[in-house]
Structures are given as C-alpha cells and as structure tokens.
Amino acid sequence: MKQILNFIDGKHQPSVTGELLDNFHPATGKVSSKVVNSHHEDVELAVQAAKKAFPLWSKMSAKDRAEILIEIGERLKARSQEFAELESYDQGKPVHLAMEVDLPRATANFQFFANYVLHLQESSSQIDGRGINYTLRRPIGVAGLISPWNLPLYLLTWKIAPALAVGNTAVCKPSELTPMTADLLTSVFQEAGLPAGVCNIVYGEGHRAGAALVQHPDVPLISFTGGTQTAESIVRDSAPYFKKLSLELGGKNPNIIFADCDFEKTVATTIKSSFNNQGEICLCGSRIFVQNEIYDTFVQEFVQRTEALVVGDPTQANTFMGPVVSADHRNKIWSYIEGAKKDGLKILTGGVESPVDSDSPWGQGYFVKPTVIAAPHTQCAIMQEEVFGPVVTITPFQTEEEVLTMANSTKYGLSASVWTENIDRAHRMAALLDAGTVWINTWMLRDLRVPFGGMKASGIGREGGEHSIDFYTETKNVCISYSMQPEKG
Ligand code: NAD
C-alpha cells in the first residue's frame, strides 16, 4: 500500500517516530494509503530545512524565482488529469469538477504570482522639498502554510505561490484527510528545479503537526485556511510570538433572491452554489432567501432539480456529487439534518439515508443526499452553524430590510450572492451585507487580484494580488532628509 512521506529538504522521508495514519477513499470507505503522522521533531526538521534554504532563495532575482514557479505551473497543467483523478480519489469530488475548477485555479496560482512579482513597484513620497520616503519590501522568512481538505490542491497552492514568489521559504501542513495531491506536487517541485528546502511538506494531525508549526519560534507568519474553532487555537498558540496571521475560516453564506432576478440563471447557479463539491466549499450558499412573490415557484423548481442530481461514482462525467470527505463528516452533516427535524423544520428533499445502493461498489462510501430544508426563521442551529455539506435552507422574505437582518444574523461573514436585475438594490445590498465577498448575479467568479477574506468569525486578513504581497512581506519605510538650500562658499 502506498505510503505518503514528508517532503523535507528535497527528499521524501518518514516521520522520526515511524507513525502512520490510514487515509480513506471516501467513495468506498476503504483505506487507500498510509500517511505520515508527523510530530514536533519532524516539523523541526522541516523548519530547519526551510531556514537553511532561505538565504539562497530570498537572494535569487525575482525573475529566476518566477521562472521556476512558472515551470511548476506548466507542469501542473500538463499533468492536470493525473492530479484531478487523485484529488477526486482522495477528497470525493467528481473528476470532471476537479478538471474544471481545481486544476485551472491551482495552475493559475503559480502563473499569476510568478508574473505579479515581476511587475511590483515600490512607492516613494516627497516631503515638500525637505525629504523623501521610500519603501523597502523584504521576504519574512519561513512561512507556515496550513490548509484544509475541501479544495486540497487549489487552496494549498494559493498559499505556496505568493509565499515563494516574494522570496520566503515554506513549511506546509496540508489536511491529514487529503494528502495525495500535495504528495504529487512534490514531484512537480523536483522536476521544475525548485531548490531543496524551499518548500517542505509535513503531514499529520492538526493538533500535533499543525500546532507544532504554529508554536515554532522560527516561523514568523502563519497562513491558515480551515475551521473557525481551529483558528481560535492558532491565535492562542501564536500569541506569544506575535506572528503575522492570515485566517480564512468558515461561512454561513446567504444567497438572496429577489423576485426581479433572471429566474433561470438564478436557479441553475444556485444549484451549483448549494451542492458543488458536495457543498464542501467555504463559499457555498447554505442559506437561500427567496422573495415571497416567487417563493413557491422557486422552491418547486429548485427541489425538482435537486432531486435530478446524480450522486455516486466520482469518475463518471454525469455525476454531480461524489461522497463527502469522511465518515465523521457525513455523520456530522446527518446530525444537523436530524437536528433540523427536531427543531420542527420541514425536509423538502434529501435526508439521512444514503443515496447509493448498499450492494453497489460505493455502498460503504460516505454519500449524502442533497438536502433542502424549509426554514421559516433563523433561530435554529441549521441557520446559524456551518454544516459544510450538501444541505441548504430556504426562507421566504418580503423586504430588503427583513432579508438583510436575517442574512447578517450569524457570527459569520464570508460571502454572499444577490440575485436582482435592479442595479440600485444590488449596490445597496452589497454595501450592507456582512460579507468579505458579495457576488451580484453570479457565484465563485474568481479574480486573483482582489482582496479575499472574511468578516466577523470568517477570518482576519485579506489575500489575493497586492494583499498577498503585503501579507508575505515586511515593509520598511526609509526617510531621508535633504535640503534645497544651496551650499554656501
Ligand atoms: P480544520 O480547521 O479542521 O483543519 C484545517 C487544517 O488545520 C488541517 O490541516 C488541520 O490538520 C489543521 N489543524 C487542525 N487543528 C490544528 C491546530 N490546533 N493547530 C494547527 N493546525 C491545526 O478545517 P477542515 O475541516 O480541514 O476544513 C473545513 C473548514 O475550512 C470549514 O470551516 C471551511 O469553511 C473552512 N474553509 C475556509 C475557506 C476560506 O477561504 N475561508 C476555504 C476552505 C475551507
């Protein structure tokens, strides 16, 4: 059986303790590989390798670094099918979805940031003929990059590419549930000529390997994407070191549909924003609000299309949803559906039975039915807590004020979608929603230049374009005084 080993100083190596974790194939529930469960000694080795590589990598010209990153992007693109199949095998999403979304976005991460650093220009300012300020920007050192399981390759590379492009070295801790694409990425690093130690990868449980990275005094910045509760420990663990933190966390995103929307486009996109990647995208719209005039029509159409979604074999082109990532996660999703029933909410479609025939090859896989729940009010767990699965609520509303109150009623503030043909209303809603990203008449349209991140419990900091450059570098102002008075004599 394949063993996934740490990648430290350009070499694959086991944990110093030899400990391994089982890695499960979510579509069958069987163990598919073993992965290193790293301890703090392994993290120490990785950090030392990254520290050793820092002087060389940070002093290379931006052009030389960019060439290597572009090469990584090219090789990733050339091997997209291989990566997509592994991503699907490890995480559960359909292969075609990985090909449409994860691989192009992972490739773009390297291409974008490699090119971006070639065009960086620092600012300077004059002080009325008395002096000049200019800004120096420098890489910080070893970046700790911690990523989740839901978009394993795309989110990890979104951290690696800018961190390396500006001259940092890195120690990455991908989710222990989905290590396979990170492992394949290490072979791309080697083929592309990334110097040893520049990007190290350690696997294992978060409370051990992840925490060791956060608590390491030689790792001055942590970019973390994951759950809000995990982020609390990261903030606590990093506090004694005053680390630079970027926290991209959970969401409970509202999808607000006004009666004047383009109905067909709205329904079609809302099916995707609800159930793509089994609803395991932080940006999925898990709370749908529909204006009274079209509520019944929308619900009927939405439920009908939800019931037509194909759930099953992730290798098939017509499969819309594969399994969720793990048995524990499926059980958590089911417990929320049970909880909604106990709260008196009506399940319009879906529920806690597996959608897959138990005698089929996928009978033991972690499949969940796409589930739609009518929720007339917001004061229940399913409307407040992140489920992170193929479960959405639908709630009617009458006025802008009413829907804004409901939409902003959770502790989260990651993203929102608004569907309306009224441009004034679109701008008003965008300004008043508690969300780091507001999409108008669309969802998940990506632009790597814009600030990405959450409000409230959805995170702190912004990444993307210049925001990533700011996060992964330290800036210093230099102020020089000069005199405009001619020298005497
Ligand atoms: P998680 O918080 O359980 O784990 C994320 C990563 O942190 C994993 O690598 C894990 O091993 C590690 N980790 C766990 N405990 C740790 C600790 N004490 N110290 C350091 N590292 C630790 O999250 P998950 O279940 O992998 O991912 C799902 C969550 O991620 C959801 O809440 C989702 O909304 C969120 N997410 C957010 C975004 C975003 O951009 N805002 C994107 C994707 C996912």
Side-chain angles (χ1 to χ4, degrees), residues 1-7 12 20-37 75-107 147-158 172-189 201 203-205 275-281 309-330 333 354-358 360-368 388-390:
M1 182 173 288
K2 179 168 175 65
Q3 286 191 6
I4 295 169
L5 302 179
N6 285 340
F7 183 67
H12 293 99
L20 294 167
L21 296 169
D22 287 336
N23 183 32
F24 292 88
H25 177 31
T28 59
K30 296 202 171 97
V31 176
S32 61
S33 58
K34 300 270 183 185
V35 61
V36 161
N37 194 12
R75 286 171 186 264
L76 201 54
K77 192 171 173 186
R79 294 172 73 176
S80 287
Q81 185 68 32
E82 197 183 342
F83 270 98
E85 284 169 14
L86 261 194
E87 171 109 345
S88 160
Y89 191 78
D90 213 14
Q91 189 262 345
K93 65 169 56 80
V95 175
H96 66 82
L97 183 68
M99 282 298 282
E100 284 153 28
V101 177
D102 303 65
L103 268 299
R105 290 182 178 209
T107 304
S147 56
W149 48 259
N150 64 318
L151 302 161
L153 182 69
Y154 150 31
L155 293 178
L156 181 63
T157 53
W158 195 358
C172 310
K173 213 303 282 170
S175 170
E176 61 277 25
L177 300 182
T178 51
M180 286 180 148
T181 45
D183 182 51
L184 187 57
L185 188 62
T186 62
S187 62
V188 169
F189 289 162
I201 303 192
Y203 305 93
E205 293 166 303
F275 303 122
N276 250 19
N277 205 37
Q278 304 76 238
E280 296 165 320
I281 302 180
L309 296 175
V310 178
V311 184
D313 181 354
T315 63
Q316 296 302 307
N318 67 338
T319 298
F320 188 86
M321 268 177 37
V324 300
V325 73
S326 68
D328 281 352
H329 192 54
R330 178 200 52 199
I333 296 167
S354 172
V356 174
D357 184 355
S358 60
S360 78
W362 318 114
Q364 300 308 308
Y366 317 130
F367 293 89
V368 176
F388 213 50

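- Here the CG atom belonging to Leu153 is positioned 8.0 Å from the OG1 atom belonging to Thr107, to the nearest 0.5 angstrom.
- Of the inter-residue distances, the one linking Ile281 atom CD1 with Leu97 atom CG reads 6.5 Å to the nearest 0.5 angstrom.
- Taking CG of Asp90 as the reference point, atom CH2 of Trp149 lies at 12.0 Å (rounded to 0.5 Å).
- Residues passing the side chain to side chain contact (heavy atoms under 4.5 Å, CB included) test with Asp313 are Thr315, Gln316, Trp362, sequence neighbours excluded.
- No side-chain heavy atom of Tyr154 sits less than 4.5 Å from a side-chain heavy atom of Leu103.
- Although no hydrogens or angles enter the test, the distance criterion places no donor-acceptor pair under 3.5 Å between the side chain of His96 and the main chain of Asn318.
- From Tyr89, atom OH reaches atom OG1 of Thr28 across 6.0 Å, with rounding to the nearest 0.5 Å.
- A distance-only check finds a donor-acceptor pair linking the side chain of Ser88 to the backbone of Lys93 [under 3.5 Å].
- Of the possible polar contacts, one joining the His329 side chain to the Phe388 backbone as a donor-acceptor pair under 3.5 Å is found.
- No side-chain donor-acceptor contact under 3.5 Å links Gln278 to the backbone of Glu280.
- Note: Asp183 CG to Thr178 OG1 = 12.0 Å, rounded to the nearest 0.5 Å.
- Other residues, nucleotides and ligands contribute at most 12 non-hydrogen atoms within 6.0 Å of the CD atom of Gln364.
- Lys34 NZ to Gln3 CD: the interatomic distance, rounded to the nearest 0.5 Å, is 8.5 Å.
- Applying the side chain to side chain contact (heavy atoms under 4.5 Å, CB included) criterion to Ser33, with sequence neighbours excluded, gives Lys2, Ile4, Asn23, Met180.
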